[in-house]
Every structure is written in C-alpha cells, then in structure tokens.
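Working notes, beginning with the structure itself.
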Amino acid sequence: MVSETNQSKNVCVIGAGPSGLVAARELKREGHKVVVLEQNHDIGGQWLYNPNVQEEDPLGRDPWLKVHSSIYESLRLMSPREVMGFTDFPFLVKKGRDPRRFPSHRELLLYLKDFCEWFELRDMIKFNTKVHYVGPLNYGVPSEDLKWVVRSKDKNSEEEVEQVFDAVVVATGHYSNPRLPCIQGMAIWKRKQMHSHIYRSPEPFRGEIVVVVGNSFSGQEISMELVKVVKELHLSSKSLDIYEGLSKVISKHENFHLRPQIETLREDGTVIFNDGSSIIADTILYCTGYTYSFPFLDTKGMVVVDDNRVGPLYEHTFPPALAPSLSLVGIPRRILGLPFFESQGKWVAQLLSGKKALPSYEEMMKSIKEFFHSKEEAGIPKHYTHEIEGFDYCDKYAENVGLPKLQEWRKDLCVSAVVNLFINLETYRDSWNDDIDEKLQEALRSPYFTQLGVEPEDPSL
C-alpha cells in the first residue's frame with residue numbers, strides 16, 4: 001500500500017551497530033529527524049571489540065550487561081568480505097588495512113566507520129548514553145498517534161534525560177545476552193563456569209581441562225584455539241554425528257575429545273556425560289548462543305520474548321499493536337545481515353513518512369499466526385523462529401522497499417564458503433576454489449564494486 005503524503009517524524013534509534021547505523025541513514029534520507037543513542041564510546045555495536053570483561057558476570061545472568069560485545073580477539077569473518085557490504089557501499093580492500101577475503105573483526109569495524117563518515121551520520125549519534133526506559137507516552141490511542149518516552153543516562157556525567165519521540169527503532173543486536181542450558185548441578189559446581197560472551201583469548205586456560213558446551217560454529221572455533229594450550233579439550237555436543245571438517249580437526253589432536261551432552265555436574269568438579277563417561281574439569285565454557293533481551297522496553301506485554309521468540313512481530317520487524325511507531329531492526333539471524341538490515345531500515349523510514357502503509361492489525365496478526373503455525377508444522381523449535389536460512393526471504397523483503405535482490409555472485413560466494421567450511425574447517429578462510437574465484441573476478445568488475453569511483457583490489461593477490 002502506498003500513500004502520497006510525506007511526513008517528517010522525530011525518531012530515536014537505539015544502538016549504533018550495523019542495523020542502527022543503516023536504519024539512521026535510511027531515516028535521514030527519508031527526511032526524518034534522527035537521534036541515535038549509543039551506550040558505548042564509539043560506533044560498531046557488537047563489532048566494537050572490548051577486552052575488559054573482568055567486571056562482567058561470567059555467566060551473563062544480569063539483563064543489564066556491563067559489556068555489549070561478545071567478540072573474541074582472534075575472530076575473523078565467516079563470510080567473504082565481498083558479500084557483506086550494504087547495497088550502495090561495498091566492503092572494499094583499503095591500503096594499509098587487513099586485505100584478506102575473510103578479514104578480522106577490526107576490519108569490519110573500520111568498514112562501519114567508513115560508512116558512518118561517508119554518509120555523515122556521526123553528528124546524530126549521542127555516545128556513552130545508556131537507555132533505561134522506552135514506553136508509550138499515550139497508551140490507548142491509535143498506533144499511528146503514539147508518542148514514545150525515552151529515558152537515558154550519560155555514562156560520564158550520570159545526567160538523566162527524558163525525551164519524547166514520534167517513533168523508536170530498537171537496534172540493540174542479539175549477540176550479547178547469554179543463553180544458558182539447564183544442567184543438573186550447575187548451581188553447585190564450584191569450579192570455573194563462564195559463557196563465551198566473555199571469552200577473549202585461550203591463554204587464561206593454559207594447562208587446564210576444559211569442557212566446551214555447544215557444537216555451534218563459535219564452539220568449534222573457540223575449541224580450535226583452546227586445544228593448542230589446554231591439557232584436555234572436551235567438546236560436548238547434542239549430536240556425535242559430525243561433519244568432515246570438524247572430524248579432521250579432532251583427529252589431529254590427541255587432547256581433543258568429542259563428548260555427548262552433559263547429564264550432571266558434581267560439586268567436586270566431576271562432569272558426567274549422557275553416555276556414563278566422566279571427567280574432572282577445571283572450566284566449563286558455555287558456547288550455547290544468545291537470547292534476545294530488551295530490559296528497557298515497556299510495552300505492557302505487547303512485545304515479549306518467549307523461548308527466544310520475539311513477538312508478535314510482523315515480518316520480524318513490527319509489533320502490530322504498536323506499528324509503525326515502534327520497530328525492531330536486526331532481529332533475524334543466519335542471513336546476510338547488512339543488506340537485510342538496510343531493507344528493514346528503508347521500510348521503517350518509508351512507513352513513517354507515509355510513502356507506504358502496513359496491512360491492518362488483523363491482517364498482520366493473521367500473517368504472524370500462520371508463520372508460527374508453519375514453523376510448528378515443520379517441527380522447528382520456537383527458539384529458531386528468527387533464523388532465516390536461504391536467500392528468498394531477503395529478496396522478497398528487498399523488493400518490497402525498492403532495493404535490488406541479492407546478486408547471484410553474492411549467493412554463489414556464500415554457498416561456496418559454507419561448503420568449504422564443512423570440508424576444511426581450519427583452512428576454509430584462506431583456501432579458495434578456482435571456479436568461484438573466476439566468478440569473483442567478474443563480480444569485482446561490476447557496477448556494484450565500482451560505484452564509489454574506487455578501483456577494487458583483489459585480496460587474493
């Protein structure tokens with residue numbers, strides 16, 4: 001639905017990570033007045049590496065975390081840099097910086113800083129500003145007439161500020177608040193337990209017997225670091241049926257052991273696994289993922305997090321009863337995040353200006369219920385609600401707001417990287433298929449990579 005009206009709104013964006021920055025850019029382009037509130041001293045969100053985790057709860061049980069970023073020191077991107085850029089700002093190799101196809105986390109932060117500078121976004125960002133409360137000023141009015149109260153505090157001066165906005169965009173990320181398993185004996189196990197949220201490097205674990213819980217990619221990558229310094233590394237997995245790449249890694253190290261799930265933890269340090277085997281460990285490191293958390297958001301139950309499902313959200317973005325004045329950008333996972341967040345930001349901006357309109361409340365709720373039902377019918381657990389695997393949904397979302405579909409070369413490079421990972425877990429970032437490389441050379445000559453007037457370099461040279 002399209003309207004001829006063009007309204008300028010006063011909008012608050014919470015968070016200056018990738019989703020918040022691109023949402024702010026799209027809102028600015030659409031003529032809205034934008035204020036971005038960022039709790040840290042700089043942009044980047046999750047990509048603003050923070051080594052100072054000493055004061056954080058090792059298991060991250062406090063919803064008001066002291067540390068936002070969960071990135072560890074050696075982390076490199078899992079996708080090729082070429083596929084990750086926004087639609088009008090390619091992630092190019094720059095002289096004097098990390099030129100690798102799968103660069104370090106620092107290179108993506110520098111890319112976001114380049115984006116921020118190119119589109120002149122920094123002046124609209126208030127740094128060191130932590131949001132403590134967001135709620136409607138006028139409950140009970142039609143959603144299009146809602147105003148929002150935002151209370152924040154300056155970290156340096158401790159000054160509290162209350163502001164009223166026409167709309168709020170929540171862009172606080174989803175890789176900060178630890179999701180923990182329920183294991184018998186966790187409360188009485190006296191040795192070191194921590195979540196990967198505060199893992200930064202392997203050195204503190206030197207000589208220890210360590211159990212890593214969770215066979216996700218982060219669990220595998222952290223295990224590959226730890227196994228080089230620990231006495232024994234035990235990777236506890238839901239399934240012992242593993243793929244070729246991980247099998248290769250385990251077979252290389254006598255001190256790397258694949259284990260089933262933990263059944264019980266005992267006070268003396270014993271870890272008992274489901275198959276009856278046991279060890280005495282020094283540390284348990286939970287690589288068990290993250291949960292969505294919005295401790296500042298007061299919607300009187302209209303938006304809730306239930307087993308990691310945020311809802312109800314229309315198209316993973318809008319709570320029907322509060323849309324479009326409240327939106328959540330950056331919720332979906334397992335996607336090419338930056339282009340998708342750009343689509344979300346553009347849709348929010350168009351809705352607030354009146355160029356587009358949402359379906360009725362009833363239609364949105366019906367769509368959400370049908371989506372939930374389809375997940376249940378497919379046997380997909382609730383906590384996987386926002387995991388989007390595949391490119392079709394991203395293409396549909398982009399088309400809805402007038403952005404191009406993902407280029408075929410992006411899709412080819414993504415698929416090739418994943419296939420290579422499953423075969424060569426340790427080396428996939430630094431090895432490349434000649435056929436894919438040929439497609440990449442063709443892509444680097446395309447208008448996408450030359451649109452800024454800069455000749456792209458090939459990081460493989």
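Note that the coordinates shown come from a computational prediction; the quantities given were computed from them, not determined experimentally.
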Indicate yes or no: does Glu221 engage Arg429 in a salt bridge with an N to O separation below 4.0 Å.
-> yes
Pairing residues for Phe318 by the ring-ring contact (aromatic ring centres under 6.0 Å, His included) criterion, not counting sequence neighbours = Trp347
Give a yes or no answer on whether the side chain of Glu82 reaches the backbone of Leu444 with a donor-acceptor pair at less than 3.5 Å.
-> no
Any side-chain heavy-atom pair of Gln193 and Thr283 under 4.5 Å | no
Are Glu426 and Lys248 ion-paired here, with the side-chain N under 4.0 Å from a carboxylate O?
-> no
Taking the side chain as every heavy atom from C-beta outward, state whether Leu352 and Glu30 have any atom pair closer than 4.5 Å.
-> no
Should Val348 and Lys346 count as side-chain neighbours, where that means a heavy-atom distance under 4.5 Å?
-> no
Honestly, is Arg151 close enough over Tyr133, meaning NZ or CZ under 6.0 Å from the six-membered ring centre and within 45° of the axis?
-> yes
So Tyr243 and Phe217, would you call those rings parallel, tilted or perpendicular, with 30° and 60° as cut-offs?
-> perpendicular
Verify the neighbour count for atom CD of Gln54: are there more than 12 heavy atoms of other residues, nucleotides or ligands below 6.0 Å?
-> yes
Look up atom OG in Ser236 and atom CD in Glu263, then write down how far apart they are to the nearest 0.5 Å.
-> 11.5 Å
Can you check whether Val303's main-chain N or O pairs, donor with acceptor, with Thr299's side chain at less than 3.5 Å?
-> yes
Value for OG (Ser70) from CG (Asn50), rounded to nearest 0.5 Å, stands at 10.5 Å
Main-chain N/O of Gln220 paired with Asn215 side-chain donor or acceptor, under 3.5 Å | no
Please examine the side chains of Phe273 and Thr264, heavy atoms only from C-beta on, and report whether any two atoms are closer than 4.5 Å.
-> no
Flag, side chain of Glu363 to backbone of Ser360, donor-acceptor distance under 3.5 Å = yes
Where does the angle between the aromatic ring planes of His316 and Tyr393 fall among parallel (under 30°), tilted (30 to 60°) and perpendicular (over 60°)?
-> perpendicular
Parallel, tilted or perpendicular for Phe89 and Phe115, by the 30°/60° rule?
-> perpendicular
Taking only Lys NZ, Arg NE, NH1 and NH2, and the carboxylate oxygens of Asp or Glu, determine whether Arg76 and Asp430 approach each other closer than 4.0 Å.
-> yes
Does Lys192 make a cation-pi contact with Phe205, if we ask for NZ or CZ under 6.0 Å from the ring centre and within 45° of the axis?
-> yes
Ion pair present between Arg410 and Asp412, side-chain N to carboxylate O less than 4.0 angstrom?
-> no
Report the C-alpha distance between Glu399 and Lys396 in whole Å, list the side-chain angles of each, state the deciding distance to 0.1 Å, and finish with yes or no for salt bridge (Lys or Arg N to Asp or Glu O under 4.0 Å).
-> CA-CA 5 Å; Glu399 279 191 305; Lys396 184 186 81 168; over 6 Å; no
Quick one: are Glu370 and Lys366 in side-chain contact, heavy atoms under 4.5 Å?
-> yes
Under 6.0 Å from the six-membered ring centre of Phe119 and within 45° of its axis: does the NZ or CZ of Arg25 meet both?
-> yes
N/O donor-acceptor pair under 3.5 Å between Gln344 side chain and Gly330 backbone | yes
Flag, side chain of His383 to backbone of Thr291, donor-acceptor distance under 3.5 Å = no
Between Glu107 and Arg81, is there a side-chain N and carboxylate O pair less than 4.0 Å apart?
-> yes
Check: Ser237/Ser239 side-chain N/O donor and acceptor closer than 3.5 Å | no
Minimum side-chain heavy-atom gap Tyr292-Asn177 below 4.5 Å | no
Please answer whether the main-chain N or O of Asn400 pairs with a side-chain N or O of Lys356 as donor and acceptor at a distance below 3.5 Å.
-> yes
Kindly determine whether Asp57 and Lys66 satisfy salt bridge (Lys or Arg N to Asp or Glu O under 4.0 Å), including the steps that lead there.
-> CA-CA 9 Å; Asp57 174 2; Lys66 295 180 176 66; over 6 Å; no
May I ask you to decide if Val170's main-chain N or O and Thr172's side chain share a donor-acceptor pair within less than 3.5 Å?
-> no
Under 3.5 Å: donor-acceptor pair, side chain of Gln407, backbone of Trp409 | no
Salt bridge check: are Asp42 and Lys113 linked by an N-O gap of less than 4.0 Å?
-> yes
Of the options Lys382, Lys375, Arg334, Arg309, which is the one that meets Glu387 in a salt bridge (Lys or Arg N to Asp or Glu O under 4.0 Å)?
-> Arg334
His32 side-chain N/O to Val11 backbone N/O, donor-acceptor pair under 3.5 Å | no
Could Arg179 and Tyr290 be counted as a cation-pi pair, given that NZ or CZ must be under 6.0 Å from the ring centre and within 45° of the axis?
-> no
Note, Leu108 side chain near Pro103 side chain (heavy atom, < 4.5 Å) | no
Arg122 with Glu117: basic N within carboxylate O range, under 4.0 Å | no
Side chain proximity check, Gln39 to His68, heavy atoms < 4.5 angstrom = yes
